[in-house]
Amino acid sequence: IGAKYGKRSAAQIALAWQVQRGVVVIPKSVKAHRIQDKVSGVGFDWDQKEAVLEKVKEELDELKAEIDAMSSNKIESEFGDVMFSLVNYARFLRVNPENALERTNKKFIRRFKYIEEKALKSQRKVSELSNEEMEILWEKAKKLMNNFEQGMHKNDANFVPLTPISFLDRIKDVYPDYEAIVYKERKYSWRQVYDRCTRFASALTKVGIGKGNVVSIMAANTPELFEAHYSVPMTGGVVNTINTRLDTRTVAYILDHSDCKVFIVDRQFHNVAIDAIAQVKREIIVIDIDDKQAGLGDIPAIGKLEYESFLQTGDEGFEWIRPDDEWQAISLNYTSGTTGNPKGVVYHHRGSYLMSMGSITAWNMPNRLTYLYTVPMFHCNGWGYPWTLAMLHARVIFIRNIVVKEIFELIDEYEVTHFGGAPIVLNMIANAPADDQKALKTKVYVMTAGAPPPSSILQKMESLGFEVM
């Protein structure tokens, strides 16, 4: 309405229409000529009111229909008959009526529900209430809310949806040149990680990925899997990390059930991926991860695209898409399917943000730690640490395969301070051959989960210089 009839006068026009219909409660202190003065004083030609008000009536009727459709309460009611509350609120606050609906939505709905319930008790519709009854009920409804619930609406100045993607957005400005990722000969700073993620996100949008679209990834713990935890949500999409130990049928089920649009897959899993894709009855864009440092030999391509080449098709400086709502999905994980088909579990931006924050408190994690990523990132998004580590401007050391000798070597070379692992990983470390071990220079903190390790393993880990939580 405001856009069509002038933002300044729209509220007054709407109010005048309500007065004309006789369905608005006007406080006794407000006279009709004062309403007319208000309308005339902002440039509305009162003599032309009939034509203008007829147009306004159409707009308000459409709005009434939309609100009726959105209402969870199926009681038949004349919602338009109490639109005066919205219009009055707009008039008193001098705001645009199109914004007034958003600003007063929760408060207005709560008050109207109260009136509707009272009307129902008397076996009447709201439209059957007299003006006097409506005015009394409205005043009672207003008292249900305290002063701090009125006018304290969310806006861009005081509210932003929580998302762990903001951790990377911050660190690229605060610690841009700090070493972020180390995977053998590949090393990136936090600024480079951010640039790679935004550019890959841009490339994904160019092939149609947007809000709610699922991008699956089946990979070892390499930079590509870490980056996917940012690049996919940066499009509004949902990242789905697939367990690399699953069989063909289970992987095919996940690709189909998740409605996956893009499948990023390491060529090490060529055979499973090829057979799984063949079982899905729709086309999926496939992007290969060709890890030159993996020593896999000459493995044929799975899809038509390759990760690094695809990344180059994205735009530099891409402005990533923040979630509209912090309850918007950020990731989709699946159980292993040991008792039937895998079950999907959805994480939202808010939950992932709080999980990341909680991990720091629970483990007393400091800034600038060095983390050895032994936990597969397909397990609950690597326990949420792809996001946590960015917040702490940590240095992340990747290990493709769990080899005890390599674990000790990486701890020694990069002075690793923290890593995580299931009890089986702790068992491998505690019982490693002497030739595979290296004496620790300082204490190393270990987080374990999944099942409690035997006390004998904990004692051996302690004797080697590890502190296990």
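Quick note: numbers below take in every heavy atom, side chains included, and nothing from hydrogens, waters or symmetry partners.
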Salt bridge between [X] and [Y], side-chain N to carboxylate O under 4.0 Å?
{"X": "Lys211", "Y": "Asp324", "answer": "yes"}
{"X": "Arg170", "Y": "Asp173", "answer": "no"}
{"X": "Arg368", "Y": "Glu415", "answer": "no"}

On a heavy-atom basis, which atom in [X] and which in [Y] lie closest, and how many Å separate them?
{"X": "Ala390", "Y": "Trp190", "answer": "CA-CH2, 3.6 Å"}
{"X": "Phe318", "Y": "Ala201", "answer": "CE2-CB, 3.9 Å"}
{"X": "Ser356", "Y": "Thr388", "answer": "CA-OG1, 3.2 Å"}

Pairwise side-chain contact, Trp387 with Ile165, heavy-atom cut-off 4.5 Å (strictly under): yes
Flag the pair Ile429 / Phe408 as yes when at least one side-chain heavy-atom distance between them is below 4.5 Å, and no otherwise. yes
Check: Ser166/Asp169 side-chain N/O donor and acceptor closer than 3.5 Å: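 No pair is found: no donor N or O on one side chain lies under 3.5 Å from an acceptor on the other.
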Classify the side-chain pair Arg186/Tyr188 by whether it contains a donor and acceptor separated by less than 3.5 Å.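 Distance-only check passes for Arg186 and Tyr188.
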Just say parallel, tilted or perpendicular for the rings of Phe200 and Tyr307, cut-offs at 30° and 60°. parallel
Among residues at least two apart in sequence or on other chains, which ones pass side-chain hydrogen bond (donor to acceptor under 3.5 Å, both in side chains) with Asp266?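 Once residues adjacent in sequence are excluded, the partners of Asp266 under the side-chain hydrogen bond (donor to acceptor under 3.5 Å, both in side chains) criterion are Arg400.
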Taking distance alone, no hydrogens or angles, what donor-acceptor pairs closer than 3.5 Å link side-chain atoms of residues 375-385 to residues at least two apart or in another chain?
from   : atom 1 : to     : atom 2 : distance (Å)
Asn381 : OD1    : Ser331 : OG     : 3.0
Asn381 : OD1    : Asn333 : ND2    : 3.0
Asn381 : ND2    : His229 : NE2    : 3.1

